[in-house]
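Everything on this sheet refers to the single structure shown next.
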Amino acid sequence: GTLYSADTWLGDLSIGHSTDHGESWSGTALSGTSPVIDRPWLVGGKKGEVFVSYQDLQCCTPSAMWFMKSTDYGQTFTPAVSITTGDPSGLYTWEGNFVVSPSGQDLSLVYSRRQSGVVSAGATPETIWVTQSHDGGKTWTPHLVATLPVETTTIYPQIGLDAGGVQHVVWSAPGATGNPVSYSFSRDHGLTWGGPVALNPGKVGGATWIVGGQKAGTAAVVWLGSPDPKATGSTKSPW
């Protein structure tokens with residue numbers, strides 16, 4: 001029942017919590033240990049437990065991602081652990097969200113990787129990855145989900161975890177026709193991935209989000225979409 005909030009300021013991260021439905025808040029003004037913090041994600045766990053991931057700009061080059069957690073409502077945090085960083089196969093990473101198992105030991109974070117840091121909607125190839133931790137976030141191992149001929153259009157892929165342990169990932173990217181939302185899943189803790197398949201082939205979708213269901217293999221996906229395969233943010237189209 002605890003609420004958590006995150007705010008980036010002074011190059012660091014302030015994390016607050018409320019145990020009275022948001023009536024009052026307390027927290028830690030400077031929570032992180034890496035030089036620069038951006039795009040934080042929070043996942044609440046057991047009582048007093050909160051998991052945090054964030055992107056390190058590394059002086060305007062978003063290439064590294066970090067993880068830390070707290071067991072005292074965010075008053076203190078473990079030292080930041082490196083999730084992944086840029087390498088010759090992809091200098092830039094773009095962090096999506098992450099999911100945590102009920103035990104708090106199994107975590108999965110989705111991200112994209114490309115050579116170019118410029119968001120140009122289709123200039124260079126891109127890969128989608130899910131990195132896994134099975135020791136509560138101490139170590140991480142990445143697994144390839146999909147290789148795309150062009151960049152995603154909404155930058156950040158999304159992941160959901162259903163009650164049966166199946167992982168679900170979505171993203172949007174230009175296709176042969178339109179800009180469809182693509183979906184992939186894994187039944188073996190992210191080791192192998194099915195698909196991907198387009199959920200709205202020939203149409204346009206963006207701003208994707210996915211949530212795992214209460215049964216294995218089920219999920220719900222929402223996106224901003226248009227039936228016009230040429231629709232963009234600057235065209236007059238039905239949405």
Side-chain angles (χ1 to χ4, degrees), residues 6 39-45 51 53 55 65 83 93-102 106-114 119 121-122 125-133 142-233 235 237-239:
R39 304 185 188 96
W41 287 99
L42 305 181
V43 174
F51 304 88
S53 72
Q55 190 96 48
M65 292 178 286
I83 298 174
T93 62
W94 300 89
E95 177 194 34
N97 68 317
F98 71 102
V99 291
V100 183
S101 67
D106 300 305
L107 300 90
S108 302
L109 183 146
V110 65
Y111 64 97
S112 61
R113 182 188 294 275
R114 65 160 87 95
V119 181
E126 186 167 297
T127 50
I128 305 294
W129 297 79
V130 168
T131 184
Q132 314 276 342
S133 175
H143 299 283
L144 180 65
V145 177
T147 299
L148 312 180
V150 293
E151 300 171 12
T152 55
T153 48
T154 47
I155 303 180
Y156 315 109
Q158 303 296 332
I159 188 171
L161 178 68
D162 68 34
V166 179
Q167 298 175 20
H168 309 262
V169 169
V170 290
W171 64 88
S172 61
T177 304
N179 191 102
V181 173
S182 294
Y183 163 82
S184 184
F185 70 94
S186 174
R187 296 182 180 272
D188 55 9
H189 304 288
L191 295 178
T192 59
W193 292 84
V197 296
L199 301 183
N200 57 340
K203 300 179 181 179
V204 170
T208 57
W209 190 263
I210 189 166
V211 176
Q214 295 302 308
K215 296 181 179 179
T218 62
V221 187
V222 63
W223 66 83
L224 175 66
S226 174
D228 179 2
K230 297 182 179 180
T232 69
T235 61
S237 304
W239 288 89

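At distances below 3.5 Å, not a single donor-acceptor pair connects side-chain atoms of Ser133 with backbone N or O atoms of Asp106. Side-chain atoms of Ser108 do not come within 3.5 Å of backbone N or O of Gln132 as any donor-acceptor pair. Formation of a donor-acceptor pair under 3.5 Å by the Ser226 side chain with backbone atoms of Pro238 is found in this model.
Taking the side chain as every heavy atom from C-beta outward, Thr153 and Pro174 approach each other to under 4.5 Å. Looking at heavy atoms from C-beta onward, Ile83 lies out of side-chain contact with Phe98 at the 4.5 angstrom threshold. Between Thr232 and Asn179, every side-chain heavy-atom pair lies at or beyond the 4.5 Å cut-off.
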Point to revise | Derivation of the side chain to side chain contact (heavy atoms under 4.5 Å, CB included) call for Tyr183 and Ile210 | key: CA-CA 10 Å; Tyr183 163 82; Ile210 189 166; 4.0 Å; yes
Review point. After noting the C-alpha distance and the side-chain angles of Trp171 and Val145, does the key distance pass the side chain to side chain contact (heavy atoms under 4.5 Å, CB included) rule?
Key: CA-CA 11 Å; Trp171 64 88; Val145 177; 4.1 Å; yes
Exercise for review: For Trp239 and Val204, run side chain to side chain contact (heavy atoms under 4.5 Å, CB included): C-alpha distance rounded to whole Å, both residues' side-chain angles, the deciding distance at 0.1 Å, then the answer.
Suggested key: CA-CA 9 Å; Trp239 288 89; Val204 170; 3.9 Å; yes
Point to revise | Trp223/Asn200 under side chain to side chain contact (heavy atoms under 4.5 Å, CB included): CA gap, chis, key distance, verdict | key: CA-CA 10 Å; Trp223 66 83; Asn200 57 340; 3.6 Å; yes
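Summarising the geometry of Ala216 relative to Gly164, their closest heavy-atom pair is CB-CA, 3.8 Å, with the distance given to 0.1 Å. Taking both residues in full, the closest heavy atoms of Ile159 and Val99 are given as O-CG1, 3.7 Å, listed atom of the first, atom of the second, then distance. Scanning all heavy atoms of the two residues, the minimum distance from Trp209 to Gln158 falls at CZ3-OE1, 2.9 Å. Taking each heavy atom of Phe51 and Gly45 in turn, the nearest pair found is CE1-CA, 4.0 Å. For Ser172 against Gly206, the heavy-atom pair with the smallest separation is OG-CA, 3.8 Å. Considering every non-hydrogen atom in both Trp94 and Pro157, the closest pair reads O-CD, 4.2 Å.
The distance from the CD1 atom of Ile128 to the CG atom of Leu148 is 5.0 Å, given to the nearest 0.5 Å. From Thr177, atom OG1 reaches atom NZ of Lys203 across 13.0 Å, with rounding to the nearest 0.5 Å. For the atom pair Leu109 CG and Met65 CE, the distance stands at 5.5 Å (nearest 0.5 Å). Atom CZ in Phe185 sits 8.5 Å away from atom OG1 in Thr192 (nearest 0.5 Å). From His143, atom NE2 reaches atom OG1 of Thr131 across 7.0 Å, with rounding to the nearest 0.5 Å. The CH2 atom of Trp193 sits 10.5 Å away from atom CG of Leu144, with the distance rounded to the nearest 0.5 Å.
A side-chain hydrogen bond (donor to acceptor under 3.5 Å, both in side chains) with Asp162 holds for exactly one of Gln167, Lys215, His168; it is His168.
Taking a cutoff of 4.0 Å between a charged side-chain nitrogen and a carboxylate oxygen, Glu95 and Arg39 do not qualify as a salt bridge.
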